[in-house]
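See structure below.
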Amino acid sequence: MKYLSILLIAVTFSAHAANRQEPVYAYSPEYTQTKKAENLTFRFVAEKAVENNTELNKLKQERDTEAKRIDKAISSLFPEIRASAAMNTLDKTRIDYREKAVQDNVNAKIKMKQILFSDSVIANKNTAEYKASVHKLAAESVRLDIIRDAADSYYSLLRLTDLSTAEKNHLGYLNSIRQGLKARKARKSDYARIDKLIKASKSRITQLEQDRLNEISILETMIGQKIAADCSFESYEKMLDANGIKDLSDIFTSLTTEEKIAKVKQFFTEKALDDSPELMAIDELLKLNKRDIKTEKRKFVLPDVSINGEYTQYLDKKEDSDEYTADFSKNDWSLNLRLSMPIFDGKRSSPDLYAKNTERIQYLNKRAELRDTIKIRMENTVDWAVDAESNRSMTADIKNEADKNLKKQRTLYDAKKLKLSAQLTACEDYYADQKDGINAGYSLVYALNDLQRAYGKFFFMSQDYEDNRFIYDLRAAAEGR
């Protein structure tokens with residue numbers, strides 16, 4: 001059940017944001033202080049995270065081990081040829097051999113062995129191939145999850161930075177209002193009210209900065225080095241303008257009817273089911289299981305067949321010389337054909353066959369369960385992306401209106417035509433709209449990131465003809481073509 005356990009690790013879908021599991025990476029938080037990242041791009045973070053992940057590296061090592069077993073199994077099907085030589089000294093004085101009391105017996109041998117047929121050797125080769133494929137697919141699944149988590153962490157850091165900046169601007173606005181209270185001869189209750197809002201704003205800034213530091217710590221663990229205090233990051237706008245991502249965003253903007261949404265869901269689901277490394281890994285395990293069952297049954301039907309040959313040439317020593325000459329009248333050779341097949345084995349009714357059949361049922365159930373999981377996940381993710389794009393557009397309009405309203409309210413307030421309470425309400429509403437706009441925008445990139453994980457390729461890493469074709473077909477599905 002080892003390979004089922006590996007697969008179960010590979011197919012576990014990580015929860016998003018707060019439910020995200022702590023990643024396992026090769027480097028501890030004790031980093032070299034002299035090596036600091038000063039410019040972090042999506043690609044750099046993703047590549048470093050993949051490079052440093054210990055679980056992925058372990059799967060790659062196991063894949064390479066199985067690849068070596070394939071070579072070993074194949075090599076056993078080639079002929080085996082060995083050469084040897086021996087010299088035996090015979091003391092014949094005790095048997096009254098007076099002419100030559102000591103005789104040297106020298107010979108050279110060549111042995112050959114060739115397996116003509118062995119179902120067990122072929123089975124070992126196929127087993128190693130299937131296991132190598134499973135490890136490769138499991139590694140690909142883990143790699144995609146690593147990139148997805150790295151991108152999410154990167155997006156979270158940018159989101160927290162933008163929220164912190166917005167809150168600091170909000171605090172500055174509140175402080176500017178407070179400074180003008182003296183000229184307006186404000187009451188103590190007015191001071192108390194605005195001080196309460198300032199205190200709450202400072203508390204939110206502290207929490208946002210702490211969350212931001214925690215996210216930086218996660219990124220540092222991923223990339224294996226410290227992030228410089230003045231490190232620059234790619235902007236949110238650049239994220240949405242990246243290869244393929246802008247196309248995805250535009251497509252989801254055009255999904256205005258349930259019919260179009262349903263077609264996109266079907267398109268993404270079919271793509272995810274066809275290209276899922278988790279499903280392909282289960283298929284490889286089923287092939288391996290089928291092969292094991294056949295091998296278990298056929299070992300009492302198919303014999304191992306091999307041919308063995310041996311040739312021995314004896315050498316005679318010349319009189320009064322150290323040279324040896326071949327005497328072809330003195331040689332031995334043999335050739336035999338060997339068939340090996342058990343007639344009776346107490347293990348014939350062993351629990352191995354039963355265990356393999358039970359294992360097959362488990363794989364089939366897991367495949368059906370995983371297919372259902374992928375379908376549900378894709379439907380939910382598409383809905384998430386559609387809602388996120390809608391909210392982003394809506395909050396952008398609301399933010400623009402709130403910006404105009406705040407400026408208008410401030411003009412009236414400075415002219416003493418508006419009460420403090422109304423100005424503070426407008427200020428709080430403006431900040432709330434800003435915060436909603438930021439969260440809505442990043443919700444979209446989270447959703448698009450999850451869609452790329454389901455697709456099996458991240459566009460900010462690379463984009464080729466196949467990806468462009470995928471975008472074209474997706475747009476066609478969205479447009480009902």
Side-chain angles (χ1 to χ4, degrees), residues 17 155-216 229-241 246 249 253 387-447:
Y155 299 154
S156 294
L157 179 57
L158 296 185
R159 181 181 67 85
L160 291 168
T161 301
D162 289 349
L163 287 173
S164 180
T165 300
E167 186 63 69
K168 289 174 181 178
N169 292 336
H170 175 59
L171 178 60
Y173 196 90
L174 290 175
N175 283 328
S176 69
I177 294 176
R178 192 185 190 287
Q179 291 174 0
L181 290 182
K182 186 175 182 180
R184 297 175 69 94
K185 297 180 181 179
R187 295 170 297 180
K188 288 184 178 181
S189 59
D190 293 333
Y191 279 100
R193 181 175 181 181
I194 197 169
D195 285 344
K196 182 179 180 181
L197 293 175
I198 290 173
K199 182 179 179 181
S201 180
K202 288 180 177 179
S203 178
R204 288 194 294 268
I205 290 173
T206 300
Q207 185 60 53
L208 286 168
E209 288 299 315
Q210 183 59 51
D211 292 343
R212 185 175 178 276
L213 290 175
N214 291 339
E215 206 63 54
I216 287 176
D230 57 348
C231 178
S232 62
F233 300 89
E234 290 183 298
S235 65
Y236 166 79
E237 290 75 18
K238 188 171 182 179
M239 280 191 303
L240 283 181
D241 202 37
K246 187 178 187 304
S249 177
T253 303
D387 292 340
E389 176 57 39
S390 176
N391 290 336
R392 185 176 74 101
S393 301
M394 182 176 63
T395 53
D397 295 336
I398 293 175
K399 181 178 174 296
N400 291 334
E401 287 298 321
D403 189 39
K404 294 177 183 178
N405 185 56
L406 183 64
K407 291 178 180 178
K408 180 180 178 181
Q409 297 279 47
R410 186 59 187 263
T411 300
L412 293 173
Y413 177 76
D414 290 341
K416 298 183 179 180
K417 295 180 180 180
L418 188 71
K419 292 183 179 181
L420 174 65
S421 59
Q423 173 61 22
L424 292 178
T425 299
C427 181
E428 292 299 301
D429 289 345
Y430 175 74
Y431 169 69
D433 292 336
Q434 264 199 328
K435 182 173 68 174
D436 290 343
I438 292 171
N439 287 329
Y442 281 98
S443 181
L444 174 62
V445 295
Y446 286 136

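Remember, predicted model here, so these are calculated numbers, not experimental data.
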Mark yes or no for whether Thr425, through its side chain, and Ser421, through its backbone, hold a donor-acceptor pair below 3.5 Å.
yes

Taking Glu167 as the fixed residue, which of Arg204, Gln434, Lys202 is the one that meets the side chain to side chain contact (heavy atoms under 4.5 Å, CB included) rule?
Arg204

Are any side-chain N or O atoms of Ser443 and backbone N or O atoms of Asn439, one a donor and one an acceptor, separated by less than 3.5 Å?
no

Taking all atoms of both residues into account, what is the closest heavy-atom pair of Lys416 and Ala183, and its distance?
NZ-O, 4.1 Å

Separation between CG (Leu208) and NZ (Lys168), nearest 0.5 Å, reads 9.5 Å

Return the minimal non-hydrogen interatomic distance between Ala422 and Gln409, and the atom names on each side.
O-NE2, 4.4 Å

For Ile177 versus Tyr413, what's the shortest heavy-atom pair and its separation?
CG2-OH, 3.8 Å

Identify, with sequence neighbours excluded, every residue that meets side chain to side chain donor-acceptor pair (under 3.5 Å) alongside Asp211.
Gln207

Measuring from Leu424:CG to Arg178:CZ, what's the distance to the nearest 0.5 Å?
12.0 Å

Looking at Asp190 and Arg187, would you say the former's side chain and the latter's main chain have a donor-acceptor pair under 3.5 Å?
yes

Between CG of Leu171 and OG of Ser203, what distance do you get to the nearest 0.5 Å?
11.5 Å

Nearest heavy-atom neighbours spanning Leu174 and Cys427:
CD2-SG, 3.9 Å

Spacing of CD1 belonging to Ile194 relative to OG belonging to Ser189, to within rounding of 0.5 Å
12.0 Å

Is it possible for you to check whether Arg410 lies under 6.0 Å from the centre of the six-membered ring of Tyr173, through NZ or CZ, and within 45° of that ring's axis?
yes

Going by heavy atoms in the side chains, are Asp429 and Leu406 under 4.5 Å from each other?
no

I would like to know whether Tyr442 and Ser156 meet side-chain hydrogen bond (donor to acceptor under 3.5 Å, both in side chains); could you show each step before the answer?
CA-CA 8 Å; Tyr442 281 98; Ser156 294; over 6 Å; no

Worked verdict on Gln179 versus Asn175 for side-chain hydrogen bond (donor to acceptor under 3.5 Å, both in side chains):
CA-CA 6 Å; Gln179 291 174 0; Asn175 283 328; over 6 Å; no

Rounded to the nearest 0.5 angstrom, the NE2-CD1 distance for His170 and Ile198 is 9.0 Å

Which heavy atom in Leu157 sits nearest to a heavy atom in Arg212, and how many Å separate them?
CD1-CG, 3.5 Å

Just by modelled atom types, is the Leu160 backbone N or O under 3.5 Å from a matching donor or acceptor in the Ser164 side chain?
no

Minimum heavy-atom distance Phe233-Leu158, with the two atoms named
CB-CD2, 3.5 Å

